[in-house]
Amino acid sequence: MSPRRNRPRGGDRPDEHPGTAIGRYGGGGAAESWQGEEWSVRPVSGASAQGKRYRCPGCDQEIPSGVPHLVAWPEFGGIEDRRHWHKACWNAKDRRTTRVQRSRNAPRH
């Protein structure tokens with residue numbers, strides 16, 4: 001008896017190409033509307049950013065290197081407009097307040 005296969009053999013989704021990771025970290029991006037503006041959102045695995053740290057604008061906490069997260073930027077924005085978000089913070093962005101409260105000694109990144 002051969003072992004059980006956990007993955008479909010293919011042909012189930014003709015629109016997907018083998019080797020693409022749509023919906024996973026490091027896969028393709030998407031466009032979303034937020035605050036009356038179109039935003040490009042792309043998942044990032046975090047593996048290529050070893051040694052880099054980012055500050056999530058949703059919770060004002062650091063995203064350590066190697067942690068999967070999202071990068072979002074306005075459709076007509078430049079590189080300086082890209083922001084790195086925790087996935088949960090991006091999903092909850094409409095339920096959060098508009099002003100993030102920082103402590104007096106917190107860095108402003």
For this session: List the atom of E62, the atom of H86, and the distance in Å for their closest heavy-atom pair.
Result: O-NE2, 3.9 Å
Problem set entry | Shortest non-hydrogen contact between C89 and G58, atoms and distance | CB-CA, 4.2 Å
Problem set entry | Pairwise side-chain contact, D60 with R55, heavy-atom cut-off 4.5 Å (strictly under) | yes
For this session: Could you tell me if the ring centre of W85 sits under 6.0 Å from that of W34?
Result: yes
Exercise. Taking only residues two or more places apart in sequence or in another chain, which ones pass side chain to side chain donor-acceptor pair (under 3.5 Å) with E32?
Worked result: W90
Problem set entry | Separation between OG of S40 and CG of L70, rounded to the nearest 0.5 Å | 12.5 Å
Seminar exercise, completed: Rounding to 0.5 Å, atoms SG (C56) and NZ (K87) come to a distance of 14.0 Å
Exercise. When you check the side-chain N and O atoms of H69 and H84, is any donor under 3.5 Å from an acceptor?
Worked result: yes
Seminar exercise, completed: Across all chains, not counting sequence neighbours, the side chain to side chain contact (heavy atoms under 4.5 Å, CB included) partners of P74 are E37, W39, D81
Exercise. Just by distance, do the side chain of R53 and the backbone of I63 share a donor-acceptor pair under 3.5 Å?
Worked result: no
